[in-house]
Amino acid sequence: MNEVMTNEVKKKIVYSGVQPSGNLTIGNYLGAIKNFSAFSEDYECYYCVVDLHSVTVRQVPAELRKRTYEGLAVYMACGLDPQKNTLYVQSHVHEHAELSWLLGCNTMFGELSRMTQFKDKSRKHAENINAGLFTYPVLMAADILLYQTDIVPIGSDQKQHLELARDIAVRFNTTYSETFKVPEPYMPKSGARIMSLAEPTQKMSKSDPNANAIVYILDKKDDIIRKFRRAVTDSGSEIVMGEGKDGINNLITIYSVLSGKTCEEVEREFAGKGYGDFKTAVGELCADVLRPVQEEYARLIADKKYLEEVMKLGAERASYAARRTLSKVKRKMGFTDIPR
Ligand code: AQP
């Protein structure tokens, strides 16, 4: 009896997503995707290709379509089994957009105005400061709250949005009675903010127009090594972390996360070596770590039929869970059902 009861204990829920707004970077990998598979065994996991988010910035339609398949293939190549995880595409589950509207009516203009990503992206895309860019965090809150999520693995750039999602959940629960689980962020101790190789005070972003600033998950070995060799560093020479040494701090962090060693161990390993040797070592290690991911990706992306089966299965599973929360929310807010 006890055993049966234990088996029926509901697993905690993990949710995260990546935008198909460009080719995925080692920032996306080290800060987020790499950590996803660790949850697969013990949690019920939803990992989404968040295509609705990506159109807050103008996308070329054919490229968006292509990158959506690629995003799914990268998830699997990074070790996410579609049987153990719900892997799906956000726009296939219309409840995300619907809940986003309802939550938007429970989110304050002032809260959204404080979001630093909105301010950054408004500066970068001054010709297209659309309403979606402003309400992006509400859609992100809907993504998370729709699945009654416990844990959200994210890079540190998404921390502020996650805090807002928590505030929205608490406000809704207080206004309409307990409806949403209030989610917790999970940020890796190291690698939560991988910096640009060209401007190490800036986050590495897949939409950065400078390709040398970014290492893509699918970059060729030679390109990876070349980019690391050209990484901007200060005028020093010792492989030691320090204030104002953003470039070398970033490279030590990347090496540390890729190798599983602490930053101090990395400093000891490279004591007496110069920046040039270290940059080559980071490039080589990065290429070695990414090689199996790239091989698996090449196999998966060639099989469009299989990717579509995964998409379909994921959409069905996600829709089932999403429908339950959305109908609860609508009931609490006073919406009527279609009379039977
Ligand atoms: N540089 C980074 N270091 C650590 N984590 C990062 N993430 C993104 N960049 C870094 C994490 O990756 C996950 C998916 O991010 P996203 O695609 O939803 O959007 P983003 O955070 O806006 O990522 P990008 O690469 O900067 O995209 P663009 O250029 O389109 O805005 C998130 O968990 C994020 O924290």
Side-chain angles (χ1 to χ4, degrees), residues 14-36 39 45-60 63-64 67-68 70-72 74-75 78 80 89-90 96 115-125 128 132-133 136-137 139-144 149 151-165 183-211 213-218 227 231 246-247 249-251 253-254 256-258 286:
V14 170
Y15 178 93
S16 200
V18 178
Q19 297 184 71
S21 48
N23 295 325
L24 302 187
T25 72
I26 58 162
N28 301 129
Y29 177 68
L30 299 176
I33 306 172
K34 178 176 176 284
N35 309 309
F36 291 176
F39 292 100
C45 300
Y46 294 84
Y47 296 123
C48 184
V49 178
V50 288
D51 54 348
L52 294 174
H53 282 279
S54 65
V55 295
T56 51
V57 172
R58 196 86 68 217
Q59 302 293 331
V60 176
E63 280 177 18
L64 175 60
R67 284 200 304 261
T68 301
E70 290 170 357
L72 203 66
V74 167
Y75 274 166
C78 291
L80 297 176
V89 176
Q90 187 185 28
H96 286 251
M115 296 294 116
T116 53
Q117 188 181 82
F118 172 68
K119 292 180 199 167
D120 287 350
K121 289 208 169 172
S122 303
R123 263 195 304 275
K124 282 190 198 149
H125 305 279
N128 182 24
L133 199 58
Y136 178 113
L139 179 58
M140 180 165 156
D143 299 340
I144 296 165
T149 302
I151 298 170
V152 189
I154 42 169
S156 66
D157 61 317
Q158 294 299 333
K159 189 165 170 261
Q160 194 185 29
H161 289 166
L162 202 270
E163 275 161 15
L164 179 62
E184 297 288 340
Y186 168 86
M187 275 177 285
K189 285 200 184 73
S190 197
R193 191 171 172 82
I194 300 298
M195 310 309 280
S196 153
L197 297 189
E199 275 180 89
T201 52
Q202 304 293 315
K203 186 189 82 144
M204 185 183 286
S205 265
K206 61 175 107 67
S207 57
D208 189 328
N210 179 0
I214 311 163
V215 175
Y216 298 109
I217 296 177
L218 300 176
K227 287 178 183 182
D246 303 297
N249 292 349
N250 190 34
L251 297 182
T253 302
I254 293 172
S256 146
V257 185
L258 289 169
C286 185

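Every number for a ligand or one of its atoms is a count from 1 in the order of the listing. Note that these values count all heavy atoms, side chains included, but never hydrogens, waters or copies made by symmetry.
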**Prompt:** What protein heavy atom is closest to atom 12 (O) of ligand 1, reported as residue, atom name and distance in Å?
**Reply:** Asn28 ND2, 3.2 Å
**Message:** Between Tyr15 and Tyr47 (side chain of the first, backbone of the second, donor and acceptor by atom type, cut-off under 3.5 Å), is there such a pair?
**Reply:** no
**Fill in**
Of all protein heavy atoms, the one nearest atom 5 (N) of ligand 1 is Gly27 O, 3.2 Å
**Request:** State whether a side-chain donor-acceptor pair under 3.5 Å links Gln90 with Asp143.
**Result:** yes
**Under 3.5 Å side-chain donor-acceptor pair for Lys121 and Thr56** = no
**Item:** Nitrogen or oxygen atoms of Gly155 and ligand 1 under 3.5 Å apart
**Value:** yes
**Asked** Gln19 to ligand 1: N or O pair under 3.5 Å?
**Response** yes
**Prompt:** Would you call Gly22 a ligand 1 contact, heavy-atom distance under 4.0 Å?
**Reply:** no
**Donor on one side chain, acceptor on other, Glu70 and Tyr75, under 3.5 Å** = no
**Request:** Look at atom 28 (P) of ligand 1 and say which protein heavy atom is nearest, naming residue and atom and giving the distance to 0.1 Å.
**Result:** Ser207 OG, 3.5 Å
**Asked** Hey, are Arg67 and Gln59 close enough side-chain-wise for a donor-acceptor pair under 3.5 Å?
**Response** yes
**Prompt:** Under 3.5 Å, is there a donor-acceptor pair between the side chain of Lys227 and the main chain of Ala211?
**Reply:** yes
**Fill in**
The protein heavy atom nearest to atom 30 (O) of ligand 1 is Ser21 OG, 2.7 Å
**Prompt:** Taking the non-hydrogen atoms of Thr25, is any one of them nearer than 4.0 angstrom to ligand 1?
**Reply:** no
**Asked** Taking distance alone, with no angle check, do Met204 and ligand 1 share an N/O pair under 3.5 Å?
**Response** yes
**Asked** For atom 32 (C) of ligand 1, what's the nearest protein heavy atom and its distance?
**Response** Gln158 CG, 3.9 Å
**Within-shell test, Gly191 vs ligand 1, heavy atom, strictly < 4.0 Å** = yes
**Prompt:** Considering only the protein, which heavy-atom contact is closest to atom 3 (N) of ligand 1, and what is its distance?
**Reply:** Ile194 N, 2.8 Å
**Asked** Is it true that Met195 lies under 4.0 Å from ligand 1, counting heavy atoms only?
**Response** no
**Item:** Within reach of ligand 1, part of Ala192 (heavy-atom separation under 4.0 Å)
**Value:** backbone
**Asked** Considering distance alone, does some N or O of Asp157 sit under 3.5 Å from an N or O of ligand 1?
**Response** yes
**Message:** Quick one, Ile144 and Leu162 - any side-chain contact, counting heavy atoms below 4.5 Å?
**Reply:** yes
**Prompt:** Judging by distance only, is a nitrogen or oxygen of Val50 under 3.5 angstrom from one on ligand 1?
**Reply:** no
**Message:** Please state which option from Lys121, Met187, Lys206 has its nearest heavy atom closest to atom 31 (O) of ligand 1.
**Reply:** Lys121
**Message:** Assess, by modelled atom type and distance only, whether the side chains of Thr25 and Asn28 contain a donor and an acceptor separated by less than 3.5 Å.
**Reply:** yes
**Message:** Below the 3.5 angstrom mark, is there an N/O of Asp208, backbone or side chain, next to an N/O of ligand 1?
**Reply:** no
**Message:** At under 4.0 Å between heavy atoms, is it the side chain or the backbone of His53 that contacts ligand 1, or both, or neither?
**Reply:** neither
**Item:** Pairwise distance OG(Ser207) to CD(Gln19) - rounded to 0.5 angstrom
**Value:** 8.0 Å
**Item:** Region of Ala32 engaging ligand 1 - heavy atom pairs below 4.0 Å
**Value:** side chain
**Message:** What I'd like to find out is whether the side chain of Pro183 reaches to under 4.5 Å of the side chain of Ile151, using heavy atoms alone.
**Reply:** no
**Request:** With rounding to the nearest 0.5 Å, note down the distance linking CG in Leu258 to CD1 in Ile26.
**Result:** 6.5 Å
**Request:** Say whether, by atom type as modelled, one donor and one acceptor occur between the side chain of Asn250 and the main chain of Pro200 under 3.5 angstrom.
**Result:** no
